[in-house]
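First comes the structure, then the notes that go with it.
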Amino acid sequence: MNRSTYLRWGLALATALSSVFLAAAPPAEKILILATTTSTQDSGLLDDLVPRFEKQTGFTVKTIAVGSGQAIAMGKRGEADVLLVHSPEAEKALVTDGTGVNRRIVMHNDFILLGPAADPAGIAKHTAAESLQRIAAAKALFMSRGDNSGTHAMELKLWKAAGLAPDGQTWYQQTGQGMGQTLAIAAEKKAYTLSDRGTYLALQKKLGLPILHEGDPSLRNVYHVIEVNPVRFPKVNAAGARAFADFMVSKAVQARIKEFGIGLYGSPLFFPDAGTPE
Amino acid sequence: MDLIWEGLRKALELLLTLDSEVLRITWLSLQVSGAATLISLAIGLTLAVVVALNEFPGKRLVIALLNTGMGLPPVVVGLFVTVLLWRNGPLGSLGILYTPSAMILAQAIIASPIIAGISLAALQHLPQGLRLQILALGASRPQMVWLLLKEAKLPLLAAVMAGFGGVISEVGASIMVGGNIKGQTRVLTTATVMETGKGNFDVAIALSLVLLVLAFSVNAVLTHLQQRGRRP
Amino acid sequence: MSRERILEARDLTVHRGAVKVLEIPELDLRTGEVLALMGPNGAGKTTLMLTLAGLLAPSAGAVQFKGSALQGKGDREAFRRRMTMVFQDPLLFDATVAQNITSGLKLRGLSAAERKPRVVAWAEQLGLGALLDRPAHQLSGGEAQRTALARAFVLEPEILFLDEPFAALDPQAREELIGDLGHLLAETGTTAVIATHDQGEAARLAHRLAVMKEGRIIQRGGLRKVTNHPEDPFVAAFVGMETLLKGQVAHCQEGLLTLRIRKGTGSGEVVALGEAEPGQTVLVGVRPEHVALSLHSDNTSSARNAFQGSVTKVIPQGPFYKIELDCGFFLTAFVTAQSLSELELQPGRRVVASFKATSVHLIRKEGLGPEV
């Protein structure tokens, strides 16, 4: 190969690769950063809704799916425009300190307690608090997300309500990973764990972890949409955030949420709640 | 085992039907890591040439730093670049966080020391007197650099391979600075992590296979180029 | 041979760190001559050559090429296109023989059509005609160095620098290549500087010698003058004058000196050519090729010096044998294989060693230079 051949190949390669930069970058005011939880992304709901929103409004949504904890932290720093999260205590704190505004309820599903079919701790037919107490008494293996997510926050709240502090016990282990991975690990290790129903339904067939406890009012898993306060963070895309929040509580989207998942899993993954009191 | 077979079956199906999402993710992976490798090649080669051909105080330190940089953990780079690119951060005005550009930037930071380190070693392993010999044949300085690079072309190709291999397979930085956004910054590794999280092991396996095939073919092409220079 | 100066060095010094590695007050190279730089490893031959070739900037001093100084980078770059250099290692490119030979021409921007005939012609001259398409890494050591020489000669350099070009070759390849290089240099009249630590190479290729030691030239001059009249024991040893004798001048008559030398426990007399005052202590040397051996002293010989001695060592050396003798002092002689068998030379054999007064070279008189 002589020099000009090298040059030609190099140029062709550079041209092909540079198209990645030219791929119609939208203007900054049209970009909306949505910080949300893994459950909304992993369930496929956002993949269904976001393209509709983009089409309707012309905004480009950058969905950053992380734990609720990290999503709220991004909001606190003004690094996201709008949050879709399920960690009520932290959300309220965000609104109280003025970082988040216009917190509105979108939907809910519920958390469920899963465990090995043999149920060595015998938690079936007990309340959530009793179930956890029985797990602790039997020193049965329990897998916690341990990642500061909404699910993790809920789990900690439940332990507290049961009057227990399992942290540091050998039977209490933290995966530090998302719901899907945590479910897979719990199934492998025949451990108890807490999961949101949406993710569980999506994975159910592959797991072999039956639901041992459900329906307790304390296991309700509520999702809120929160706009990040543009007064505090001038770079926030306030119009986009408002448009997305409005979109999520709109009649059409609420109707779509109601039927989402029926086709795939036989039951809906989320239940629309817009306009209802908490 | 069932899962693996099912995964492989689904994977082949996705690949054989040229699933548009898989294609898009693959193409973006190639573009991002390819661009990052090209940028790293420019930076790495320049660094290697400057360090190899000049004597200056602190040269040993620079070489030690480059060699350390070859092992930069992607997540560290990812975190560093994210903090820099936050819109309220020092480079926030660029507005490139969660774009392919940010991923290219992070990957270039990962690959540049790799390419620089291997290229530097390659240049330093050329025969001692070769530089003088080239000058004695009447070469200008740029001509000399070109001839030296040409003489070191085999290890230089290895440097490119190592750089590309390093970035196309890394996930830590890409997911942090790219955000794994569908259709925008979702690449093979981040998609694999996500699909695993979603329990879609079949799709995850399909994506892994693509990644393997991709890494393998790029290396095969480079190896072929490398071997072509050597006659039996 | 034109005698115009092509290269002049004045007050050159080169430092490596704080150490002065080269100090050359002045050195000239004349058009068409071949200058050999001799000296042991580390004497500064390569450093001097690189400085002369414009490949190394001196710490101080200047090199003038055809009357104009090589000052800045630009001058040296322009000069580099008018000379070239061949090193001890062939340093070929990872390419074919033809591509290697053509590389310098290519760097000068010559078209393929201009390059080809010159490459082919020089490949033929160096016996590489059949190897043009062979990759360099498949060449033997001799072929590789021939390619390096062709790559240099094809540039028709105004000065050719050769840094120990044969040092890495086996004896046969080396022998052939020295012969071919000698012819090429003579035919083309190329001005050349060759660094070597081999006296034989220098004798076969060079017109002038410069003997170096520790970064300085300690003696220079015509080939014959330096080899026969070394000015100091170091040079003497380096140009192959192996027997050095120290003695006191007994008398001096018509340019002939009679010296009293120590011989074993007693003393002996040596007659040498030269002028000195009686009573002075002088150092003389005898080259081994000027010493003849016989079994009996032969009064008909014109040799003024004859000594009984016994063989201590027989060392084969190329076509000759070097005989080391104990004559009460150390003496060496070269003999042919034929003489070796005729005289039945072996350790312990008693022989008579004789040499002419004209073969005894006065190296140093008392008070000049350091003691031996």
Side-chain angles (χ1 to χ4, degrees), chain A residues 1 3 6 9-10 13-14 16-21 23 25-29 31 33-35 38-39 41-44 46-47 50-51 54 60-66 74 77-81 177-184 187 199-207 233-237, chain B residues 2-3 6-7 21 27-39 41-42 82-83 85-89 92-101 103-104 146 149-150 153 175-186 190 193-202 204 225 228-229:
Chain A
M1 252 205 291
R3 206 181 308 195
Y6 280 122
W9 276 92
L13 192 60
L17 296 171
S18 60
S19 66
V20 73
F21 294 105
E29 70 272 13
I31 292 175
I33 298 179
L34 164 65
T38 43
S39 56
Q41 182 176 61
D42 288 359
S43 63
L46 286 180
D47 283 350
V50 165
E54 289 179 333
T60 299
V61 181
K62 294 190 177 294
T63 308
I64 310 301
V66 289
M74 285 176 69
R77 301 192 53 94
E79 295 298 335
D81 301 309
Q177 300 195 58
M179 198 67 250
Q181 280 98 336
T182 303
L183 282 172
T199 310
Y200 173 75
L201 282 177
L203 295 181
Q204 190 179 20
K205 273 184 270 174
K206 296 159 185 161
L207 289 173
F233 302 106
K235 291 182 181 173
V236 159
N237 182 351
Chain B
D2 287 357
L3 191 62
E6 196 193 331
E21 182 63 14
W27 177 228
L28 185 66
S29 294
L30 271 178
Q31 281 183 305
V32 167
S33 296
T37 307
L38 269 193
I39 293 171
L41 185 62
T82 308
V83 171
L85 292 181
W86 267 341
R87 55 184 168 199
N88 298 308
S93 55
L94 295 177
I96 59 168
L97 192 58
Y98 309 128
T99 65
S101 304
M103 300 168 78
I104 291 170
W146 172 253
L149 293 178
K150 232 172 113 176
K153 61 177 180 269
I175 209 159
M176 283 169 104
V177 305
N180 186 35
I181 299 164
K182 188 178 179 181
Q184 296 174 43
T185 59
R186 189 164 293 174
T190 62
V193 169
M194 185 197 67
E195 295 298 346
T196 307
K198 285 162 75 170
N200 294 334
F201 299 111
D202 44 8
L225 285 177
R228 221 172 51 162

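Everything numeric in this text was worked out from a predicted model, so none of it was measured. Below, chain A is the first sequence line, B the second, and so on; all start at residue 1.
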All side chain to side chain donor-acceptor pair (under 3.5 Å) counterparts of A:Ser39, not counting sequence neighbours: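 With sequence neighbours excluded, A:Ser39 shows a side chain to side chain donor-acceptor pair (under 3.5 Å) to A:Thr37, A:Tyr223, given in chain and number order.
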Just how far is it from atom [atom1] of [X] to atom [atom2] of [Y], taken to the nearest 0.5 Å?
{"X": "A:Ile33", "Y": "B:Ile181", "atom1": "CD1", "atom2": "CD1", "answer": "7.5 Å"}
{"X": "A:Leu34", "Y": "B:Tyr98", "atom1": "CG", "atom2": "OH", "answer": "11.0 Å"}
{"X": "A:Ile31", "Y": "B:Gln184", "atom1": "CD1", "atom2": "CD", "answer": "8.0 Å"}

Residue pair A:Thr38, B:Met194: steps toward the side chain to side chain contact (heavy atoms under 4.5 Å, CB included) verdict: CA-CA 9 Å; A:Thr38 43; B:Met194 185 197 67; over 6 Å; no
Between [X] and chain B, which part of the residue has a heavy atom less than 4.5 Å away: side chain, backbone, both or neither?
{"X": "A:Gln177", "answer": "neither"}
{"X": "A:Ala80", "answer": "backbone"}
{"X": "A:Leu183", "answer": "neither"}

Under 3.5 Å: donor-acceptor pair, side chain of B:Asn88, backbone of A:Arg77: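 Answer holds: yes.
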Please identify, among [options], the residue contributing the most non-hydrogen atom pairs under 4.5 Å to chain B.
{"options": "A:Asp42, A:Leu203, A:Val66, A:Val61", "value": "A:Asp42"}
{"options": "A:Lys62, A:Glu79, A:Gln181", "value": "A:Glu79"}
{"options": "A:Ala184, A:Ser43, A:Gly78", "value": "A:Gly78"}

Partners passing salt bridge (Lys or Arg N to Asp or Glu O under 4.0 Å) against B:Glu21 (at least two apart in sequence or in another chain):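 B:Arg24.
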Note, B:Lys182 side chain near A:Leu46 side chain (heavy atom, < 4.5 Å):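 No, their side chains stay 4.5 Å or more apart.
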